[in-house]
Amino acid sequence: MAEIEVMDMNSFLESFETVFRYVFEYFNIPADRKSMNMREEDFHNSVYMKCVDIARGLYYGSLMCNYYTNEFATYNNNQNSIGYEVYDPLEYGEDVIITAPIPTYQDFIERLGDYVINSLEMPVPRDVHWVRNVELTRRNVLHLLEKIKLKHQEWVMLAGRVSLHEEDKYETRWRDTYDLWCCTSENETINDDGNARYLTIELEEYLGELKAYPDNTLKPWLCKDVKNINGHSEVFGETSLVLPPSEIVSFLILN
């Protein structure tokens with residue numbers, strides 16, 4: 001029987017403050033109250049909120065990895081993962097997949113993302129002609145494959161999802177989405193047989209340990225989706241992690 005330790009609220013907040021200050025210092029952001037004296041709506045879209053979101057992810061992830069508890073509030077709608085609703089999966093005798101939020105904000109990655117988005121051709125009028133313009137879509141796909149020069153290095157996107165859209169008060173006015181996944185097998189072909197979505201807009205999930213991913217033998221030539229906790233964030237509309245084919249990871253010794 002494992003010994004269960006209950007953390008009181010003061011200890012919880014003091015521990016979180018340590019992580020909070022570490023993240024702010026790491027990104028060279030002042031953590032004093034005066035520097036963050038701004039309107040709430042401005043704070044939600046600021047670098048300060050990004051730091052808070054990263055610190056929260058690191059802290060909750062640490063608790064999930066080092067403590068047993070059944071009192072994390074979660075956004076899970078099924079019984080196959082532990083996240084942050086009161087839920088004890090062991091009560092049901094089921095296999096458990098432990099996942100954690102992934103802090104995605106990195107300045108270098110953000111800059112690469114800006115280069116990618118700025119390379120896309122986006123005409124001002126979003127009309128029927130724009131929707132049916134296949135040539136524009138083809139050009140934008142080729143733009144996504146162009147080399148990016150940054151920090152004296154050339155970068156090429158292997159996998160990514162770009163979703164541009166405009167919201168009004170009641171609905172989405174328009175949306176332009178591109179999914180780009182690489183494949184290392186010359187035998188894979190997209191056929192019009194109803195299964196094309198498994199090579200285009202959908203990915204198979206990888207449920208093992210990340211350190212064991214280079215040894216993955218389940219279609220190692222395809223990208224894999226990593227299961228995340230579903231939730232809402234004031235900073236990220238959705239966080240996700242897609243791994244390139246394990247053959248590439250293994251060949252380039254990226255682990």
Using a 4.5 Å cut-off on heavy atoms from C-beta on, say whether the side chain of Leu180 contacts that of Leu145. yes

When rounded to the nearest 0.5 Å, the distance separating CG of Asn216 from CG of Leu243 is 9.0 Å

Nearest heavy-atom contact between Leu136 and Pro123 is CD2-CD, 3.8 Å

To the nearest 0.5 Å, atom CZ of Phe108 lies from atom NZ of Lys151 at 5.5 Å

Value for CD (Glu154) from CD (Glu146), rounded to nearest 0.5 Å, stands at 12.0 Å

The reported gap from CG in Asp215 to OG1 in Thr217 (rounded to nearest 0.5 angstrom) is 9.0 Å

- Message: Could you tell me if the side chain of Val226 sits less than 4.5 Å from the side chain of Glu205, heavy atoms only?
- Response: no

Ile201 and Arg161 have their tightest heavy-atom pair at O-NH2, 4.0 Å

For Pro220 and Pro245 the tightest heavy-atom approach is O-CB, 3.3 Å

Take Glu188 and Leu199 through the test side chain to side chain contact (heavy atoms under 4.5 Å, CB included) and record every step on the way to the result.
CA-CA 9 Å; Glu188 289 284 3; Leu199 295 174; 3.7 Å; yes

field: Donor-acceptor side-chain pairing of Glu247 and Trp221 below 3.5 angstrom
entry: no

Quick check on the hydrophobic clustering: are Trp155 and Val141 connected, directly or via other members, by side-chain heavy-atom contacts under 4.5 Å?
yes

Note to self: Assigning hydrophobic clusters by single linkage (Ile, Leu, Val, Met, Phe, Trp, Tyr; side-chain heavy-atom cutoff under 4.5 Å), is Tyr22 placed with Leu13?
What the structure shows: yes

dist Arg197:CZ -> Leu203:CG (nearest 0.5 Å) comes out at 12.5 Å

Residues 124-137 vs salt bridge (Lys or Arg N to Asp or Glu O under 4.0 Å), sequence neighbours excluded, gives Glu135-Arg138

CA sep, side-chain torsions, deciding dist, call: Phe27, Ile54, side chain to side chain contact (heavy atoms under 4.5 Å, CB included)
CA-CA 11 Å; Phe27 290 105; Ile54 292 171; 4.0 Å; yes

* Would Val134 and Val131 show up in the same hydrophobic cluster when neighbours are defined by side-chain heavy atoms closer than 4.5 Å? -> no

Here the pair of heavy atoms bringing Glu110 nearest to Lys50 is OE1-NZ, 3.8 Å

Exceeds 12 heavy-atom contacts within 6.0 angstrom, atom CD of Glu121:
yes

Self-check item: ILVMFWY network linking Leu252 to Val249, side-chain heavy atoms under 4.5 angstrom
Solution: yes

Scanning both residues in full, the closest heavy-atom pair of Lys219 with Lys224 reads O-NZ, 2.7 Å

Contact between Ile148 and Val156 at the side-chain level, heavy atoms closer than 4.5 Å - yes or no? no

Query - Intermediate values then yes/no, side chain to side chain contact (heavy atoms under 4.5 Å, CB included), Leu150 and Gln153 - result: CA-CA 5 Å; Leu150 186 62; Gln153 296 286 338; over 6 Å; no

Rounded to the nearest 0.5 Å, the OH atom of Tyr59 sits from the CZ atom of Phe20 at a distance of 13.5 Å

Just checking, is any N or O donor in the side chain of Tyr206 or Asp225 under 3.5 Å from an acceptor N or O on the other one?
-> no

Quiz item: If you draw a 6.0 Å radius around CZ in Arg21, do more than 12 non-hydrogen atoms from other residues or ligands fall strictly inside?
Solution: no

Taking the side chain as every heavy atom from C-beta outward, state whether Glu166 and Thr172 have any atom pair closer than 4.5 Å. no

Give a yes or no on whether the backbone of Asp114 and the side-chain of Asn118 come within a donor-acceptor separation of less than 3.5 Å.
yes

Thr177 vs Asp179, test: side chain to side chain contact (heavy atoms under 4.5 Å, CB included). Steps then yes/no. CA-CA 7 Å; Thr177 302; Asp179 291 337; 4.1 Å; yes

Here the pair of heavy atoms bringing Cys182 nearest to Ile248 is SG-CD1, 4.1 Å

Query raised in the report: Would Tyr178 and Asp176 count as a side chain to side chain donor-acceptor pair (under 3.5 Å) if you check the C-alpha gap in whole Å, the side-chain angles of each, and the deciding distance to 0.1 Å?
Result: CA-CA 7 Å; Tyr178 300 88; Asp176 196 20; 3.1 Å; yes

Same apolar cluster: Met49 and Val47, side chain cutoff 4.5 Å:
yes

